[in-house]
Number of protein chains: 2
Amino acid sequence: MTENSDARKPAVGRARGRTKAPTAKGEERRREIVAAASELFARAGFRGTGMAEVAQRVGITEPGLLYHFGSKEGLLRAVVEHRDLRSQAFARDIAAVGGLQALREMPAFAHRNREQPGLAKLFAVLLAENLDPGDPEHDFFVRRYREMRAVVAGMIREGQRGGEMRADVSPELKAIEILAALDGIASQWLLDPEEVDLVISIEEYARTLIRDLATDPEPAETGAPEEVQG
Amino acid sequence: MTENSDARKPAVGRARGRTKAPTAKGEERRREIVAAASELFARAGFRGTGMAEVAQRVGITEPGLLYHFGSKEGLLRAVVEHRDLRSQAFARDIAAVGGLQALREMPAFAHRNREQPGLAKLFAVLLAENLDPGDPEHDFFVRRYREMRAVVAGMIREGQRGGEMRADVSPELKAIEILAALDGIASQWLLDPEEVDLVISIEEYARTLIRDLATDPEPAETGAPEEVQG
DNA sequence: GATTATTTACTTAGTCCTTAGTAAGTTCCA
DNA sequence: TGGAACTTACTAAGGACTAAGTAAATAATC
């Protein structure tokens, strides 16, 4: 399927009929559709979700969908681009505070993720469906992960320059590890939330990271409640 | 699709026509089919692969496939159960050597994985397609991850009992973290092998782990070649 | 040890449903 | 009055799966 059908693929990404500016109603409609598609793609994946399901969910016909997005892949692209909150929020968090403090923010990040399991799942599912070059959004995920690794590596380099992080770790490799751990923990949590607590697991991993990376030993927070710094 | 069609689902798992013992030829054929299906499922997932594709690959008809496995889900089950080398090899490695030594074996595990990227990908893709309860192999993956976490936690407990690992880490949480990191690194490697080196990343993570968990400082292996112990 | 009966391992032909996508027309708002 | 935002009606292909029959190997019987 992916191999021979490179010829005459339908126009992807933009609408069929429309050529000028969209109206407010249209934009609102598109937001609804993206929201519905996000939910369904998170459940059954891109391949496991039919256009008819999405259409029914928003109360429109199938060609109505295609009017807005041109093709199923166009809809996927819209979902992937619009629902990009994850890496944006992630980058904002890490860029806002530098060095070690960024690691201390990881539990907050975990809390936010737990409140929107749909988003975490959407990300995990779509990533797995786009591992192959040739998968429709492969390049998007490659770019996103390169960006995220760069942001995390930058955060570590900052900590190293400031002297609060040990200098003998490679920022690039540590960035791979950190993103890997976060993804992997999320994946185990999504699979088996009764056995794997997302927040506790990430908190513990953050403690490990700080213990391993900090040059100064952290104030022992075992038994010491949060009001220490107040 | 997953919601309403609980009624009259076709018999899953076993063959339609056959009721007694299979012949040697049949078993060989089934192995061929499982191998082909594994490759195709790794590429496009269970949902993205048609029975016709699998059939063509092994040179059989579609009903020929169904004779052997009863349904598409039956074929998936066979793939998942037969291609279970990963966790078995993993458990064997970890159980063979206890404690810290198991962590030192992680790079070897990484090397094996790199030689069979198809298997790693199959695992990642099928996991993501079975995150939901109700997905056909959801329970299988839940069980597998529980087993793997138990094996890793046991290895850590052993290290702690022997005194070579620090006692103030939770074996259960550390097991989650280790499996998460391994999966996450593999996932980034599968997505972008040019930027992410599986073996180097896992080696570095193993070093971090040993540095963090060992009670005795390890002999600095930087610059010291392997012939030290010879 | 040849014949008969049974079973495995298929094939051909066909069912019925779902799939993404098209063509052409309609409504409604700016 | 022209274009955005739809709908109805349709196509062609692919989806898993069934029914019924056949070739060949195996097992049972005389």
Side-chain angles (χ1 to χ4, degrees), chain A residues 1-5 7-33 37 40-41 44-56 58-78 136, chain B residues 1-5 7-34 37 40-41 44-56 58-77 136:
Chain A
M1 252 203 173
T2 324
E3 308 166 333
N4 286 346
S5 67
R8 69 191 158 67
K9 51 174 62 173
V12 56
R14 273 300 143 227
R16 299 205 78 61
R18 171 165 51 83
T19 54
K20 287 198 163 183
T23 67
K25 182 194 172 195
E27 300 234 26
E28 169 60 19
R29 200 71 154 137
R30 239 159 283 143
R31 267 190 295 272
E32 281 178 52
I33 295 169
L40 293 171
F41 288 176
F46 172 69
R47 292 179 183 131
T49 304
M51 293 293 269
E53 272 178 281
V54 181
Q56 192 191 19
V58 290
I60 200 178
T61 58
E62 244 182 291
L65 279 192
L66 289 165
Y67 166 76
H68 285 292
F69 299 99
S71 69
K72 196 190 178 188
E73 290 195 2
L75 174 57
L76 173 62
R77 156 132 307 171
Chain B
M1 255 205 171
T2 326
E3 307 167 335
N4 286 345
S5 66
R8 69 189 159 68
K9 52 174 61 173
V12 57
R14 274 299 143 226
R16 297 205 80 61
R18 172 166 50 84
T19 53
K20 290 198 163 182
T23 66
K25 182 193 171 193
E27 301 234 25
E28 169 60 19
R29 200 73 153 135
R30 241 158 281 143
R31 267 190 295 271
E32 281 178 51
I33 296 170
V34 166
L40 293 171
F41 289 175
F46 172 69
R47 293 178 182 130
T49 304
M51 292 294 267
E53 272 178 282
V54 182
Q56 193 191 17
V58 290
I60 200 178
T61 59
E62 242 183 293
L65 279 193
L66 289 165
Y67 166 76
H68 285 291
F69 299 99
S71 69
K72 196 190 178 188
E73 290 194 1
L75 174 57
L76 173 62
R77 157 134 306 172

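Letters A, B, ... mirror the listed sequences (proteins, then strands); counts begin at 1.
Considering only heavy atoms from C-beta on, A:Phe69 stays 4.5 Å or farther from A:Val54 through its side chain. B:His68 places none of its side-chain heavy atoms less than 4.5 Å from the side chain of B:Leu75.
If you check C:dC10, D:dA19, D:dA5 against the side chain of B:Pro63, the one that comes closest is D:dA19. The side chain of B:Thr61 lies closest to C:dT12 when the candidates are C:dT12, C:dA9, C:dG21. Side-chain atoms of A:Thr23 lie closest to D:dA5 of the nucleotides D:dT8, C:dG21, D:dA5.
For C:dA9, the OP1/OP2 oxygens have no side-chain nitrogen or oxygen of B:Arg29 closer than 4.0 Å. Regarding contacts with the backbone of C:dC10, every side-chain N or O of B:Tyr67 stays at 4.0 angstrom or more from both OP1 and OP2.
Rounded to an integer number of Å, the gap from CE of B:Met51 to P of C:dC10 is 14 Å. Computed from coordinates, the B:Phe69 CZ to C:dC10 C1' distance equals 14 Å when rounded to whole Å. Distance, A:Phe46 CZ to C:dA20 C1': 10 Å, rounded to whole Å. Taking atom CD on B:Glu62 and atom P on C:dT15, their separation rounds to 16 Å, with Å as the unit. Straight-line distance from the CZ atom of B:Arg47 to the P atom of C:dT19: 13 Å, rounded to whole Å. If you take CZ of B:Arg30 and P of C:dA9, they are 5 Å apart, rounded to a whole angstrom. Rounded to whole Å, atom P of C:dT22 lies 7 Å from atom CG of A:Leu66. For B:Leu76 and D:dA16, the CG to P distance is 12 Å, given to the nearest whole Å.
Of all heavy-atom pairs spanning A:Lys72 and A:Leu66, the tightest one is N-CD2, 4.3 Å.
Although no hydrogens or angles enter the test, the distance criterion places no donor-acceptor pair under 3.5 Å between the side chain of B:Gln56 and the main chain of B:Glu53. A side-chain donor-acceptor contact under 3.5 Å links B:Arg47 to the backbone of A:Ala44.
As judged by a 4.0 angstrom heavy-atom cut-off over every strand, A:Gly64 is placed among the base-contacting residues.
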